[in-house]
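Values reported hereafter were calculated over all heavy atoms of this structure, with side chains retained and with hydrogens, waters and symmetry mates removed. As the structure is a prediction and not an experimental result, all values here were calculated from the model.
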Amino acid sequence: MLEIGTLLLLLSVFSASGELQQETEQRRLPPPGKLDFGYVPAGVYETLAHYEPGPIGILFHLVQSFLRAVQPNAFPHDLIIKLAKDKFGAIQAEYQKPENIVLTLQAIYYEIGFLVCAAVGLLFAVLMPVVGLFFCMCRCCDNCGGEMHQRQRKNADCRRGLLGTLLFSTSLVITIGVLCSYAANQNLSSQVKNIRRLVNSNMRDLHTFANDTPMQIDYLISQYATAKKKVIYDLNNIGPLLGGRIQTELHKEVHPALDQVLNMAGVKIQRAIKAMRETKEALENVSVSLVVLQEGTGKLSSDLSQVRSSINRTLSDPDCYDEESDATTVQLCHSIRQSLPQLQIGANFTRLPNVNSQLERINGVVKTDLSAVVQRGFSSLNDTPDMVMEQTRSVVDSVQSLMDGIGNNISTFSKVFPVQSFLSNYTIFISHAHAKIEDYYPEIDKIDFYRWIGCIALCCMVVLVLAFNYLGLLCGTLGYDKHASPTTRGCISNTGGTMLMAGVGFSFIFSWVLMAVVTVLFLAGGNMEKLVCEPFHNKELFKVVDTPYLINPEWKNFIPGYMYNDSELELTVESLYSTCKQNRGIYSAMRLDKIFNMSSFLNTTVFTKDVVDKLEGVKIDLRGIILLEADGKQNLRDFSEVGLSEINYADYLEEVNKGVTEVDLLSFTRELESQTDLMPRGPLQTALKNHVGTLQQIHKQQVIPMEQTLSTLNQSMRFLERTASDLSNKVIAVLDAVEAAQYLISQNVTLLINQETRKYTSTIIGYFHQYIEWVKTSLAMEVAPCKPFSNILDTAEILSCSFLVDSMNVFWMGLGCSTLFLLPSVILAVKLAKYYRRMDTEDVYDDSSISGTWHFTL
């Protein structure tokens, strides 16, 4: 294991030092984010360290339950530790010491169940031949059933049937026991043949471990190129990445100022230029409308005067004055005459000043394309990435050169370690070990054959007794004649009884041998199950092995003390086994970081300290960004100084509110027409109707167009009045905001640049962090998974416990059960043989004699 740990350590060093030698073709990487290193290629291990016994597993569980009943005590953890530390020496040398007596009593208490059973077995093994000897001698003296005489009884058939049934049942139990023993014997032989397969599978897994580890480490090496490519990509794109971040942060402060330039008078950005144009159009409308209204008012005034004079002449008609005229006509003429003074213009537009000066100024403002000026400010701000790229070109080149230099240094460092020699030695070690194991296979097969023969011989001893029992029962039952007297029984019946007695004889001969073997196997297999196999499953055995200072009084933990000379390191057999059982990497399982700390070697400072120093030296100057040029600022000032506030909006609105005529000409015309219709037909009515037509024509041709022009003038003046109300303040606020933003860029952007540079540097370092964490995780979880080593221990447990101990325990359980039932078999066979064998004498009833007396007939 030390060689393996050293090998993997060196391979790990190699993986951390050859990354710059195995870069693949340059490819474009996605924007900054989580790197995808893919999956470490995993080797496939063949060994399935799990054993399913099949149907015989029922017998395994049965014997394990029996052993738990015999030995219900918990695993003697403390006792074994004390005995192991003492190495049994003090107990043997100084047995009389109280503490040694206590340990002995504790051991006896734990083994009391086994000792009682062993005592019973030994007692059986000792007494059976002695009892058999005395039984034989007793029968030779015609005692103990040896006398060939049977007394006739009325219930003889019932007793014979009961004894035969009991003997048959006992024989069946013995048969089941010997079949269990035979099955266990065959199972062990068949599983011995699987030893080669399991061992070969484990050896192939060890070769897979050795062969796949370099491939996995090569993958770690190649994936460094992924991190490096990403770093180079970000360095080559420092303009869009770092400059873009700076630009984004600047936009948060500067963009509102630029928006305010185009957001004057409540107009949104997309309508800012339109606002200036609307102001120009409004002034133009005012100028044109004023000229139109002034000219139209003069013509309208002249036409209304003429109509007024014509109506007055018409009203001079005699019909409007004669006393003989119709009173209604006179009254209507009088009413019309009184309304004529209203027939004149309302507003006097000639007194209103023109807006030519304001119009000339706004025309000058509009000539300057404010939109283009502002867009130039945006463009200068959008050029931030290019400025950053240009100003950091030397830093980027130096960082890239620095990374190449680091790679060369690491490559030189890796040449110190002879990785290939260690790998070759490890492979040779596995091959030699496998070859030595192969040499033992013939011996194992030979030993297993002798073991199989011995177990079959033991089973045959029981089978021989069973054969005599079954043949005796068969012959005795088939040859029995109930009409025959004991002295006249047939040959077949007599043979059956003889066979039963032969079975009794062989039972005495073999039973003590069988019980002695059962006792030895019981003590060995039972203690192996309780002290090795069961503690291994519940990991109590690991706790004993991992007991501090157990193996070496100076080492708290044996493995790190032996491998690293640091017994305080938390590396135990249980942790090593559990970690490998989870198929994790041997680097974490063996705590190889004690020899070579990969975390320290791959620490961020090793790879990025100089990179950070270079990036922290980035100097970016953004004073060349001009948000709003001088002509744009002057344009805004000119706009605020157009002179909209100089316009006398009150006079304009006062004249606009007066209307075109003093009276509504259309209403006046309708009233005149209605009054004319009330007059009698004649020259007066006709003349007045002509005047009505003239007024209607004036209204249509002059008043309506003038009213439309007046409406345009009203809207334009009100728009200009709203615009002029806070135009100067808004322009000043916009210019102040632009100046503040410009000051931010020119003077206070250093802090922003430093912040974004640190973020950019963190992103670059983050790629190294991701690679380092991935390497550490892969080393701990995926590279060189040590499942083969836990499989070796599991395979040893399967071979020793599942194959050997379980089969051995079932064997002695079946054989012991058969041997114990030989005792009732002997008793029943001896008693039943009397009913099958031909007797020398019998009891005969003589009728001539005194009633109730019997005579013996030879």
Side-chain angles (χ1 to χ4, degrees), residues 1-8 11 40-54 57 60 190-216 423 426-438 440-441 444 528 532-543 545-546 558-559 563 571-592 778-807:
M1 292 297 290
L2 180 60
E3 293 180 359
I4 296 172
T6 306
L7 171 65
L8 264 295
L11 291 175
V40 177
V44 178
Y45 296 133
E46 299 180 20
T47 304
L48 182 62
H50 178 70
Y51 173 65
E52 287 292 340
F60 291 166
S190 63
Q191 297 304 336
V192 167
K193 295 180 176 63
N194 289 329
I195 293 177
R196 185 189 299 269
R197 177 184 60 81
L198 281 173
V199 171
N200 290 345
S201 175
N202 278 276
M203 289 301 170
R204 283 193 296 271
D205 286 347
L206 291 175
H207 280 287
T208 301
F209 172 85
N211 295 333
D212 287 351
T213 299
M215 177 181 63
Q216 294 170 338
L423 183 61
Y426 173 73
T427 306
I428 293 172
F429 171 77
I430 296 174
S431 300
H432 286 176
H434 193 188
K436 289 182 179 179
I437 294 175
E438 290 283 348
Y440 285 109
Y441 286 145
I444 293 174
M528 279 286 292
V532 178
C533 298
E534 186 177 300
F536 179 84
H537 291 151
N538 56 29
K539 297 187 177 181
E540 288 291 336
L541 197 60
F542 291 116
K543 295 179 181 179
V545 177
D546 291 332
F558 171 74
I559 295 178
M563 293 184 61
L571 176 59
T572 62
V573 175
E574 181 179 3
S575 66
L576 177 61
Y577 172 78
S578 300
T579 304
C580 290
K581 189 77 172 176
Q582 299 171 7
N583 203 26
R584 298 179 64 180
I586 198 171
Y587 182 84
S588 61
M590 293 292 295
R591 295 296 302 274
L592 295 178
S778 299
L779 284 175
M781 305 297 295
E782 300 178 62
V783 175
C786 59
K787 187 66 177 287
F789 302 109
S790 66
N791 282 344
I792 290 175
L793 194 58
D794 290 335
T795 300
E797 184 273 333
I798 290 174
L799 296 179
S800 59
C801 294
S802 299
F803 288 0
L804 177 61
V805 174
D806 286 346
S807 297

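- Residues M215 and P41 come closest through the heavy atom pair CE-CB, 4.1 Å.
- Between L804 atom CG and I798 atom CD1 the span is 13.5 Å, to the nearest 0.5 Å.
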- Message: Walk me through whether D205 and T47 qualify under side chain to side chain donor-acceptor pair (under 3.5 Å).
- Response: CA-CA 7 Å; D205 286 347; T47 304; 2.6 Å; yes

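- Judged purely by distance below 3.5 Å, without hydrogens or angles, the side chains of Y45 and N583 never pair a donor atom with an acceptor atom.
- Side-chain contact between E797 and H537 is present, with heavy atoms from C-beta onward closer than 4.5 Å.
- A distance-only check finds a donor-acceptor pair linking the side chain of S588 to the backbone of G585 [under 3.5 Å].
- To the nearest 0.5 angstrom, L576 atom CG is 13.0 Å from K581 atom NZ.
- What you find for P53 and G57 is that their closest heavy atoms are CG-CA, 3.6 Å.
- Salt bridge annotation for E438-R196: present, with a cationic side-chain nitrogen under 4.0 angstrom from a carboxylate oxygen.
- Closest of all the heavy-atom pairs between A210 and Y426 is CB-CE2, 3.1 Å.
- Aromatic ring centroids of F536 and F542 lie under 6.0 Å apart.
- When side chains are defined from C-beta on, D794 counts as touching Y577, because their heavy atoms get closer than 4.5 Å.
- For the atom pair NE2 of H434 and NE2 of H432, the computed distance is 13.0 Å after rounding to the nearest 0.5 Å.
- Nearest approach of I195 to L799, heavy atoms of both residues: CG1-CD2, 3.6 Å.
- In this structure, the side chains of T572 and I559 stay at 4.5 Å or more apart for every pair of heavy atoms.
- Here the closest non-hydrogen pair linking A589 and C786 is CB-SG, 3.7 Å.
- For F803 and Y51, the ring centers are positioned less than 6.0 Å apart.
- Rounding to the nearest 0.5 Å places OG of S431 at 9.5 Å from CE of M203.
- A donor-acceptor pair is defined here as one N or O able to donate and one able to accept, closer than 3.5 Å; no such pair exists between the side chain of S575 and the backbone of L571.
- Remark: Y440 OH is loosely packed, at most 12 non-hydrogen atoms of other residues, nucleotides or ligands lying under 6.0 Å away.
- Note: L779 CG to Q216 CD = 10.0 Å, rounded to the nearest 0.5 Å.
- With T213 contributing its side chain and F209 its backbone, the two residues share a donor-acceptor pair below 3.5 Å.
- The two residues Y441 and N200 make their nearest non-hydrogen contact at OH-OD1, 4.0 Å.
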- Task: Begin with the C-alpha distance, continue with both residues' side-chain angles, and end with the deciding distance and a verdict on side-chain contact (heavy atoms from CB on, under 4.5 Å) for I444 and V192.
- Result: CA-CA 8 Å; I444 293 174; V192 167; 4.0 Å; yes

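- Here the CG atom belonging to N202 is positioned 11.0 Å from the CD1 atom belonging to I430, to the nearest 0.5 angstrom.
- Tested against C580, the residues S790, P788, P785 include a single side chain to side chain contact (heavy atoms under 4.5 Å, CB included) partner, S790.
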